[in-house]
Each structure stands twice: as structure tokens, then as C-alpha cells.
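Comments concern the structure below.
Throughout, a chain's letter reflects where its sequence line sits, starting with A, and its residues are numbered from 1.
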Amino acid sequence: MQEFQHDHFAHCESGVMSLLLRHHGLEISEAMVFGLSGALMFAYIPFIKMGGMPLIGYRSMPKAIIKGLQKRIGVRMKLQTFSTPEKGSKKLDMLLEKGQVVGAQTSVFWLPYFPDEMRFHFNGHNLIVYAREKDEYLISDPVFENPVRCKTDDLEKARFVKGVMAPKGLLYYPEHVPDSIDYFRVIPEAIRKNAKTMLKTPVPIAGIRGIRALAKSIAALPRKDDRYARLFLGHIVRMQEEIGTGGAGFRFIYASFLQESAGILDDPVLDTASRKMTDVGDEWRQFAMLIAKAIRSKRGKKIDFEQISGKLQDVAASEADIYRLLLQ
Amino acid sequence: MKDEHVPQHDISTYANNKKAMYAVDRNGDYTRIASSGWNVEETVTKQALEELIRLTDHAHKEVLAGRKSPLFFHMYDRRMDLHTLAQSTGLYKWRIKRHFIPTVFTGLSRKLLQRYAEALGISVNRLTALPRHEGQQ
């Protein structure tokens, strides 16, 4: 049976890529995967709804890490989707038989090893299948502490749900892995690109402008129904803290990436930026605490939306400062 | 966040699992730490779960009263809404809404019922009946 070294990471997609590349001999941390692929983001898209709530993202779209990293460090990934579940399962079994360790996109709701409390309809969950034993797959899911098992039928269902971000059975694995990474070239490139996206995005719903737009929507909540207002606030924090963000909507992972980069490039500015990003992460967590307090308050009790909105405006300002520093 | 501030609140919504968090140690170096959860996260996850239960309970009453078909209950029971169900079946929302009408639902073809059952991950038999409901987990 295939040997595989599992590890516990914050985020599924960056965790999977770190594990896959390590398996193929390239040591690369989750934070480095996250940073180099330019995955840090903010997007608030009021007109795309998920479960009745607007889309709020603290990172780039699913698959952006796999594809971003591929472009950045010259790893070549084989990505394949399938027209039918039968074809998708057959291919997976064939790859496992050949000893390949395979990344897969799945829906959280259909994975029985997730506890009920965490099962929502989210189709962008990544994991690694490293072996099959009879009617079970052996899975390294980086957001779990230990390897897990999943019945073959269940995994097939989870790989072939339809809907937003439908995985279509997506499987992926590296076809070519570079021996080393030219960090002196790729780190500054990735950091500059990410900072620019966050600061200078032309649309008012992404980057720093997106954070400010969300703050405005919060300030406008008193005009909405009380139940909706509370659910909306809770939704923001869920997107920020639930399942695999490493805390504070990926800001701490990015701070870790900046710190690792500072060491490699011996660049004190990156060290400063890392410390500031940690502070911003703490601010995001204070923002989440304000919301939790508001939600726990009795129904009918007035929520101080101005205060919550103001806190988010402060977060936007502090985060913008870091990107300006990084672009100097 | 400092490592000693990584919350270890053993929150119910982690169901004894731990998640990896990034935090700095006393030298200021980043490390990964397994967290048993933060009560802030528990509050918002529970809020979302309670909303799902509220919708499911309400749907159960509607079906029991004969105002809606069992499909309406099963949709919420499987943590979906009209939008998700439309996407996972590939059917138009207006069509699904029609199938919420009890008399229309009883006339559906086996094939269409199969399509719903598959999207919801339940059997056709289960789909066409209203189970006893003691409130969802």
C-alpha cells in the first residue's frame, strides 16, 4: 500500500498542494503555497447568493491556488474532470493502483467523516486520496488532524454533486515538480501582485474597496429585518473563521508567509509587514467578537451597527497600509 | 495572535475535532497550533444550524398541514434551499416550486422523483413520505 505522510493544515487547498509537493520531494510550507499563489483576497459580492446570503470571500476562488502556484513556480499539474461518476471513479482507482497520490475536489456535505455540525453545501473542498482498501478510500484531508477513511460510494457522490463550483469529479496531481524554487524572483513578484490586487482593484466589491463596501452594508442593516441582520452578521464571521482559514480570514497564514519570506530574502521590510499583518488579523478577530456579542444579545435589543461597521472601516485602513508598505 | 491566545474552548460545533491555527510563539515566530475551537465561531455556526432547524421545522408543519409536498420538507432537511436544489437537480426554480404543491407532487413520474431523490441523497420511498420529525440535530 502507498505510504503517505499526512499533516494537519489550516486550509484545504493550500494544505493539499503542500502535501502533494512534499510527497514529490519539494519541501514547501502551506503558508508559502498560499502566499506564492497570491491567494489572499477579499471579495463581497452582494448579487451572488449562497444559502440566501451574499458571497463573502477572504481568499481567491477555489482552484486558484493550484493554478496560481503552477504558474508561479513551474510545477506542472495534471487536472482532469469527468463526464460521468463511473469514469471518474475508474480513473481514480487506476491512478491509485499505479501508486499515484491524487488531489480531489469534493462537497463537504457528502463526506460522512465530517461531523454533522460542519456539513454544509460547499463544493470547493480539497483532499488527497492516497490508497484504496476494498470499498474504502484512505484519505489525507489536511483540515483534519489524522488521516480518515471514506466509503467509495460516498466519495463518488461528494465528487459529483452538481451546482455552484461543481467539482465534476476533478482530480489532480503533479506531472512535473521543479527541484528548487527561485525564491528571490518569485516572492517579490507574488507579493507585489497580491498587494496591487488588494489596493487597486477596479471593481468596488473586491480588495480594500470590498471591505469598505461590506462596512457600508453593515451600517445599512438597521433598515433590514432583525433576523436577517443577525444572520448576515453571523455569515460574515462564518466565512472568516469557519473551516480552514488559520484564523482571521487567512490573514495569519499570510503573515506567516511574509515572515518566512523575510527570512529567505533577508528583508526587514517583510518582517515589519508580517508583524503588521498579525496585528490586522487580531483586528479582524476583534471585529468577529463584536459580532458574536451582538448575535448573543436578546432579540429586540438594539445592535450597535455603527460600531461594528466602524471597526471594519478601521480594519480596511490598517490592511491598506500594509499593501502600500509592500509596494514601496 | 500569540500562541497562548489560540482559543481552546472545546466548542460543540467541532465535535471533538481540532483545526490548525497560525499563531506566533514567544520569539515572534509563526507556528501551527491545533485549536479545539473559539466560542465566537461556535456562536455563528450554531446560529446557522439553528436557522436550518427553524426552516426544517417550519417545512414539516407546512407538509403536515397539507399545504406543501414532502419535497419541501426534504429540501430543508438536507440543508438545501430552492437555489441549491435547482442547481443540484438541474431543474428550473419555477418547476420545483410547482412540485411543492401536494397534488402536483403526487402526479410526478418515477423518473423525476428519482432525480430529486438522487440530488437529496435519499430513496424515492423516503422522498414521497413525511418522516416523523423530532427536530434536527
Could you check which of [options] has the highest count of heavy-atom pairs closer than 4.5 Å to chain B?
options: A/Glu145, A/Gln259, A/Arg251, A/Lys157; value: A/Gln259
options: A/Met289, A/Glu242, A/His11; value: A/Glu242
options: A/Lys293, A/Gln240, A/Glu30; value: A/Glu30
options: A/Arg230, A/Lys49, A/His235; value: A/Arg230
options: A/Arg119, A/Glu260, A/Arg275, A/Met53; value: A/Arg119
options: A/Asp282, A/Val143, A/Val161, A/Ile291; value: A/Asp282

Looking at A/Phe109, A/Tyr113, A/Phe144, A/Phe114, which hits ring pair (Phe, Tyr, Trp, His ring centres under 6.0 Å) with A/His125?
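Per the ring pair (Phe, Tyr, Trp, His ring centres under 6.0 Å) rule, the option paired with A/His125 is A/Phe114, out of A/Phe109, A/Tyr113, A/Phe144, A/Phe114.
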Assess whether atom CD of A/Gln5 is packed by more than 12 heavy atoms of other residues, nucleotides or ligands within 6.0 Å.
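Atom CD in A/Gln5 is not packed in, count stays at 12 or less.
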A/Asp266 atom CG, neighbour heavy-atom count above 12 within 6.0 Å:
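No, the 6.0 Å shell around CG holds no more than 12 heavy atoms from other groups.
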With only heavy atoms counted, which part of [X] is less than 4.5 Å from chain B, the side chain, the backbone, both or neither?
X: A/Ile295; value: side chain
X: A/Ala255; value: both
X: A/His8; value: both

For the residue pair A/Phe232 and A/Pro54, what are the closest heavy atoms and their distance?
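The answer is CE1-CG, 3.4 Å.
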Which answer fits [X], side chain, backbone, both or neither, if we ask what part of it has an atom under 4.5 Å from a heavy atom of chain A?
X: B/Asn16; result: neither
X: B/Thr84; result: side chain
X: B/Ser12; result: backbone
X: B/Ala23; result: neither
X: B/Leu85; result: neither

Considering only heavy atoms, give the residues of residues 96-114 of chain B separated from chain A by less than 4.5 Å, sorted numerically, with 'none' for an empty result.
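Within residues 96-114 of chain B, near chain A: nothing under 4.5 Å.
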Do [X] and [Y] have side-chain heavy atoms sitting under 4.5 Å apart?
X: A/Trp284; Y: A/Glu319; value: yes
X: B/Arg115; Y: B/Leu91; value: yes
X: A/Phe9; Y: A/Leu19; value: yes

Charged N-O contact under 4.0 Å between [X] and [Y]:
X: B/Asp57; Y: B/Lys61; result: no
X: B/Glu51; Y: B/Arg54; result: yes
X: B/Arg26; Y: B/Glu4; result: no
X: A/Asp7; Y: A/Arg22; result: yes

Under a 4.5 Å heavy-atom cutoff, which of B/Gln47, B/Lys46, B/Met21 has the most pairs with chain A?
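If we count pairs closer than 4.5 Å to chain A, B/Gln47 comes out on top.
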Start with the C-alpha gap between A/Phe250 and A/Tyr254, add the side-chain angles, then the distance that decides, and say whether ring-ring contact (aromatic ring centres under 6.0 Å, His included) holds.
CA-CA 6 Å; A/Phe250 304 93; A/Tyr254 204 77; over 10 Å; no
Angle between ring planes, B/Trp94 versus B/Tyr92, binned at 30° and 60°: parallel, tilted or perpendicular?
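Answer is parallel, since the angle falls under 30°.
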